[in-house]
Chemist: 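Next up is a structure, given as structure tokens.
Numbers here are sequence positions counted from 1. What you are looking at is a predicted structure, and each value in this text was computed from that prediction instead of being measured. Just follow the structure's listing: the first ligand is 1, and inside any ligand the first atom is 1.
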Amino acid sequence: MAIKSKVVLTGDRPTGPLHLGHLYGSLEERVRLQDDPKFQVYVMIADAQAYTDHADQPERIRQHVLEVMLDYLAVGIDPAKTTVFVQTGVPQIHELSIYLMNLVSLKQVLVNPTVKTEIKQKGMGEAVPAGFAMYPVHQAADILIVKGQVVPVGDDQKPMIELARELVRKFNATYGKVFPEPQSVTPSGGRLSGTDGSAKMSKTLGNTISLSDSADAVAKKVQSMYTDPGHVHAKDPGKVKGNVVFEYLDVFDPDQKEVAKLKRQYKNGGLGDVVLKTRLTEVLNDVLEPIRTRRKEYADDPAEALRLLEQGTGRARAVAEETIGQVRAAMKLDYFS
Ligand code: TRP
């Protein structure tokens, strides 16, 4: 007897290339989940959501839909196991989000802490686009349209999933049960600091190492990485805590015994940053090399990558069609069927 698997949905905005923070924080987890028979995984490229803060950059978004798809394929997301789709290819999401907007107050949307932070960071102020303020509702529709039950997301996305749960309760109570309540789960990786030492690697902050960076680009970025500003000469004792080079070695270096030894040396004094950074460059390039190779194979044949995306989008759309039929019936909108 087949065990019923749980539906997992997650995704990314295609506004920049994916980076090491994504690899550690979410991509590795998705690759694991797709091989676990307990889960059925959907991964969505959120192009409509990208328009909520980049409405004037259609070329950029179009280009990054392909770039993100290449990143997915390169890290081992397998379209035969995972349904990879593009958000605007499933317009039922838009329809559902229009209905969901009536089940939440404007005030409730505007107090969402993540939205508030983003409005500040992006300097939107009073000019915040209405579509941007509403994106959490649209995001709930992303999840609900495939009846997602599990949503692996970082902490900043937790309020979005809370809202989705509230919308499910409200929808089911008002119109009858259509949706399961989705749950957020924290991926087993974690948050990676930016190369500049700030708390998060993020394209907005410009402190990323992209999965598509060349070996030389990686070397350059590592050379300029934040270590310990008090560690001027190799002979000086240095700090390991808050030192991004050590943080990355902790995460990516397969020889943790050696890392422990280097930490002792560094703290005692007598170990220069150059030695450490040379090691980290090698470690990261070892991680990235197979990804780069696979990425290049797909990048050489973008039509194939797009075909795979189209196929996944068709599968997601078929599921969405069924869900929206149930939504319309529950809402008494099924006049002609
Ligand atoms: N908001 C997410 C981000 O900025 C991307 C996203 C869109 C998403 N729809 C989603 C994540 C649905 C999880 C579930 O990274």
Side-chain angles (χ1 to χ4, degrees), residues 6-19 21-27 29-30 33 39-54 61 64-65 67-69 71-72 77 82-94 96-97 100 109 112-119 121-122 124 129 131-165 167-168 179-187 189 191-192 200-205 208 312-313 316 319-320 323:
K6 286 199 173 181
V7 174
V8 177
L9 180 120
T10 182
D12 300 285
R13 277 185 217 174
T15 49
L18 300 186
H19 51 66
H22 292 111
L23 182 68
Y24 180 56
S26 59
L27 297 173
E29 176 94 348
R30 292 179 197 172
L33 286 175
F39 300 104
Q40 184 193 345
V41 186
Y42 289 85
V43 173
M44 186 190 73
I45 303 180
D47 60 340
Q49 189 175 106
Y51 272 84
T52 65
D53 61 344
H54 292 81
I61 294 168
H64 283 99
V65 168
E67 297 293 328
V68 168
M69 182 64 184
D71 287 335
Y72 286 164
I77 290 179
T82 294
T83 303
V84 186
F85 69 101
V86 64
Q87 191 178 28
T88 54
V90 183
Q92 292 82 358
I93 293 170
H94 309 325
L96 177 56
S97 70
L100 295 179
V109 188
N112 183 305
T114 303
V115 172
K116 272 167 64 178
T117 311
E118 278 183 283
I119 291 174
Q121 268 179 1
K122 297 172 203 278
M124 289 171 164
F132 185 83
M134 286 300 150
Y135 96 73
V137 179
H138 202 244
Q139 183 159 333
D142 299 335
I143 300 166
L144 302 190
I145 207 72
V146 296
K147 300 194 176 169
Q149 293 158 288
V150 178
V151 189
V153 282
D155 286 343
D156 59 318
Q157 293 291 306
K158 296 272 145 95
M160 308 302 169
I161 316 311
E162 252 336 291
L163 177 67
R165 291 166 64 84
L167 285 167
V168 165
F179 300 112
E181 255 183 66
Q183 274 189 333
S184 62
V185 292
T186 308
R191 170 165 293 194
L192 202 64
K200 190 181 172 186
M201 185 176 276
S202 126
K203 57 207 168 209
T204 324
L205 301 172
T208 64
T313 302
V319 173
T323 306

Chemist: Does any N or O in the side chain of T313 come within less than 3.5 Å of the main-chain N or O of V86, such that one atom is a donor and the other an acceptor?
Modeler: yes
Chemist: Are there any N/O pairs under 3.5 Å between ligand 1 and the protein, and if so, what are their distances?
Modeler:
from: ligand 1; atom 1: 1 (N); to: Q49; atom 2: OE1; distance (Å): 2.8
from: ligand 1; atom 1: 1 (N); to: Q139; atom 2: OE1; distance (Å): 3.0
from: ligand 1; atom 1: 1 (N); to: Q157; atom 2: OE1; distance (Å): 3.1
from: ligand 1; atom 1: 4 (O); to: R13; atom 2: NE; distance (Å): 3.4
from: ligand 1; atom 1: 9 (N); to: D142; atom 2: OD2; distance (Å): 2.8

Chemist: Not counting sequence neighbours, which residues clear ring pair (Phe, Tyr, Trp, His ring centres under 6.0 Å) with Y51? List them please.
Modeler: none
Chemist: Quick one: ring pair (Phe, Tyr, Trp, His ring centres under 6.0 Å) partners of Y135, sequence neighbours excluded?
Modeler: F132
Chemist: State plainly whether the residues D12 and R30 are in salt-bridge range, i.e. N to O under 4.0 Å.
Modeler: yes
Chemist: Restricting to side-chain contact (heavy atoms from CB on, under 4.5 Å), what partner residues turn up for E181, sequence neighbours left out?
Modeler: R165, V168, R169
Chemist: Count the heavy atoms of every other residue, nucleotide or ligand shown that sit under 6.0 Å from NZ of K203, and state whether that count exceeds 12.
Modeler: yes
